[in-house]
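These figures come from a predicted structure and were not determined experimentally. Any value given below was found using the heavy atoms of this structure, including those in side chains, with hydrogens, waters and symmetry copies removed.
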Amino acid sequence: MLTTNETKAINHSHSDQLAINTIRTLSMDAVQAANSGHPGTPMAMAPVVYCLWQKFLRFDPADPILANRDRFVLSIGHASMLMYSMLHLTGVKAVNPIYETLGELAITLDDIKTFRQLDSKCPGHPEYRWTSGVETTTGPLGQGVAVSVGMAIADRWMGSYFNRPGFELIDYNVYALCGDGDMMEGVSNGAASLAGHLKLSNLCWIYDSNRITIEGHTELAFSDDAATHFIGYGWNVTRVGDANDLGMVARALQTFQNTSDRPTLIIVDSHIAYGAPNKQDTSVAHGEPLGEDESRATKRNYHWPEDAKFLVPEGVREHCQAGLGQRGGELRNAWMTKFNEYRAQYPQLADRRSA
Ligand SMILES: Cc1ncc(C[n+]2csc(CCOP(=O)(O)OP(=O)(O)O)c2C)c(N)n1
Ligand SMILES: [Mg+2]
């Protein structure tokens, strides 16, 4: 007979899988409804982004502009449905462009249904100050990861300016999700070199190494050995051999958190359009809807109701909000308490803070 703890573990992993498949199918359905977009990479990287947000990110969905929040940058902006699904399931609240908290959801299910339509909160690529929770506009490959280096430098600068003994108020981490296309760009290599030089241990790039880009297999245009390359830049490099192995993903993220002398690159081997019987590992899954038949067959593979569209099964939102939401909320409250003590001791410095 199973012990209570073992039962909990099984229930937990079932809830994790349900949330992951919800991200996948929301992404597939949104791209299909828009009749354009990029389903394959959200389907492949859903477990990795889910694990990061659910178990590691220090981010309160109810306060997405807290100064010390961890930053998440989707450098592969074309995989935007991955981010919109997470923002929806975790219940991230909207703020307006002048950073007054508004309170409604940043992304509703109806917003997801209008993916890629004019004025949608879910444009083809994430746009800063248009959709709350998006930390920077991404789309041109390489730009997102380069901006993430700037964010990590900003953390270091603000920490050295504001922190005082007993008040480590600024110590956030920056995570960026990138792909083969990012790695090909010169700007990302220049930024990685600077990050290594500055020993930015608050910076983690997660590289979706699916060996597929828009035009086909990477063999056509790209044969860098990213691990050797980044070790040469002074980064810590680790590898996750299977994007679906949540334990391995968690260990890699833990390795990042335990590394205090250099930035970390996590190379993830994934299968674009994971689970699609005819389109997995092909470049057609990069930038086209799967098609109704392929979509149904994929949902069958996920043990999902094949005719359901935009389905968020009962309990999935609650599960995500109990993970990221609860941890993020507690961290936020602890930070605010600390900040109020700091304000009493250093009123002038406290007044200089900004979002
Ligand atoms: C600088 C730049 N060049 C070209 C493009 C057009 N583009 C969008 S996605 C993509 C391929 C990206 O490949 P990868 O990062 O491997 O993404 P995946 O196909 O694995 O989702 C290209 C060339 C772009 N967005 N930015
Ligand atoms: Mg790729």
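Side-chain contact annotation: His271 with Asn244, donor-acceptor N/O pair under 3.5 Å absent. In summary, the side chains of Asp111 and His88 do not present any donor paired with an acceptor at a separation below 3.5 Å, with no hydrogens or angles considered.
Here the closest heavy-atom approach between residue Phe115 and residue Ser36 is recorded as CE2-O, 3.9 Å. A pairwise comparison of heavy atoms in Cys178 and Met183 identifies SG-CE, 3.8 Å as the closest pair. Pro123 and Thr131 get closest at one heavy-atom pair: CD-OG1, 4.1 Å. Among all heavy-atom pairs drawn from Glu185 and Gly181, the shortest one is CG-O, 3.4 Å. Scanning both residues, Ala273 and Gln280, for their nearest heavy atoms gives O-CB, 3.5 Å. In terms of heavy-atom proximity, Arg211 sits nearest to Ser270 at NH2-O, 3.7 Å.
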(Q) Run Asn173 and Asn202 through side chain to side chain donor-acceptor pair (under 3.5 Å) and show every step you take. (A) CA-CA 5 Å; Asn173 288 324; Asn202 53 351; 5.9 Å; no
Q | side chain to side chain contact (heavy atoms under 4.5 Å, CB included) assessment of Asn210 paired with Thr41 | A | CA-CA 9 Å; Asn210 60 13; Thr41 293; 3.8 Å; yes
Q. So Val187 and Asp182, side chain to side chain contact (heavy atoms under 4.5 Å, CB included) or not? Walk me through it.
A. CA-CA 9 Å; Val187 65; Asp182 285 293; over 6 Å; no
Q. Which is it for Ser148 and Trp205 under the side chain to side chain donor-acceptor pair (under 3.5 Å) test, yes or no, and what are the steps along the way?
A. CA-CA 9 Å; Ser148 76; Trp205 287 6; 2.9 Å; yes
Q: Before giving the answer on side chain to side chain contact (heavy atoms under 4.5 Å, CB included), spell out for Phe162 and Leu169 the whole-Å C-alpha distance, their side-chain angles and the decisive distance to 0.1 Å.
A: CA-CA 7 Å; Phe162 288 108; Leu169 280 182; 5.6 Å; no
Q | Asp180/Thr218 under side chain to side chain donor-acceptor pair (under 3.5 Å): CA gap, chis, key distance, verdict | A | CA-CA 8 Å; Asp180 301 301; Thr218 44; 5.3 Å; no
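Using a 4.5 Å heavy-atom threshold, the side chains of Leu18 and Trp304 count as touching. At a threshold of 4.5 Å between non-hydrogen side-chain atoms, the residues Phe72 and Phe59 do not count as touching. Counting heavy atoms from C-beta on, the side chains of His229 and Trp235 never come closer than 4.5 Å. Within the 4.5 Å cutoff, the side chain of Val95 has heavy atoms near those of the Pro64 side chain. When side chains are defined from C-beta on, Leu311 counts as touching Pro305, because their heavy atoms get closer than 4.5 Å. In this structure, Leu87 and Trp53 have side chains that are in contact, with non-hydrogen atoms separated by less than 4.5 Å. Side-chain contact between Asp351 and Arg343 is present, with heavy atoms from C-beta onward closer than 4.5 Å. Using a 4.5 Å heavy-atom cutoff, the side chains of Asn236 and Pro263 are not in contact.
Checking side-chain atoms of Glu294 against main-chain N and O of Asn278 turns up a donor-acceptor pair under 3.5 Å. A donor-acceptor contact shorter than 3.5 Å is absent between the side chain of Asn258 and the backbone of Thr255. In this structure, Thr138 contributes its side chain and Leu74 its backbone to a donor-acceptor pair below 3.5 Å. Using a distance-only test at 3.5 Å, with no hydrogens or angles considered, a donor-acceptor pair links the side chain of Ser80 to the main chain of Gly124. Panel note: side chain Asn301, backbone Gly275; a donor-acceptor pair is recorded below 3.5 Å. Under the 3.5 Å distance criterion, the side-chain polar atoms of Ser295 are left unmatched by any main-chain donor or acceptor of Glu292. Between the side chain of Arg327 and the main chain of Gln54, a donor-acceptor pair closer than 3.5 Å is present. Remark: the backbone N or O of Leu66 is paired with a side-chain donor or acceptor of Arg69 at under 3.5 angstrom. A donor-acceptor pair under 3.5 Å is formed between the side chain of Lys338 and the backbone N or O of Gly166. Without hydrogens or angle criteria, Arg317 side chain to Glu314 main chain gives no donor-acceptor distance under 3.5 Å.
Leu253 and Leu82 fall within the same hydrophobic cluster, defined by Ile, Leu, Val, Met, Phe, Trp and Tyr side-chain heavy atoms under 4.5 Å apart, directly or through other members. Both Leu198 and Ile231 belong to a common hydrophobic cluster when Ile, Leu, Val, Met, Phe, Trp and Tyr are linked at side-chain heavy-atom distances under 4.5 angstrom. Tracing side-chain contacts under 4.5 Å through hydrophobic residues (I, L, V, M, F, W, Y), one never reaches Leu109 starting from Leu105; they form parts of separate clusters. Both Ile170 and Met336 sit in one connected hydrophobic cluster of ILVMFWY residues. Membership requires side-chain heavy atoms under 4.5 Å apart, directly or through other members. A continuous path of ILVMFWY side-chain contacts below 4.5 Å connects Met43 to Ile76, so both sit in one hydrophobic cluster.
Annotation: Glu215, atom CD; neighbour count of heavy atoms from other residues, nucleotides and ligands within 6.0 Å is above 12. No more than 12 heavy-atom neighbours from other residues, nucleotides or ligands sit within 6.0 angstrom of OH on Tyr274.
When ring centroids are compared, Tyr175 and Phe256 come within the 6.0 Å threshold. The distance between the ring centers of His38 and His286 falls below 6.0 angstrom. Ring centroid separation for the pair Tyr342 and Phe167 comes in under the 6.0 Å cut-off.
Arg262 CZ to Leu203 CG: the interatomic distance, rounded to the nearest 0.5 Å, is 13.5 Å. Between the CD1 atom of Ile266 and the CE atom of Met248 there is a distance of 12.5 Å, given to the nearest 0.5 Å. A distance of 10.5 Å separates CE of Met151 from CE of Met158, quoted to the nearest 0.5 Å. Atom-to-atom distance recorded for Tyr128:OH and Thr137:OG1 is 9.0 Å, nearest 0.5 angstrom.
Paired with Met45 under the rule side-chain contact (heavy atoms from CB on, under 4.5 Å), one option of Leu177, Ile23, Leu52 passes, and it is Leu177. Here the rule is side-chain hydrogen bond (donor to acceptor under 3.5 Å, both in side chains) with Lys299, and of Thr25, Asn21, Asp29 only Asp29 fits it.
Judged as a side-chain contact (heavy atoms from CB on, under 4.5 Å), and not counting sequence neighbours, the contacts of Arg129 are Tyr99.
Looking at Arg58 and Asp70, a side-chain N of the basic residue comes within less than 4.0 Å of a carboxylate O on the acidic one, giving a salt bridge.
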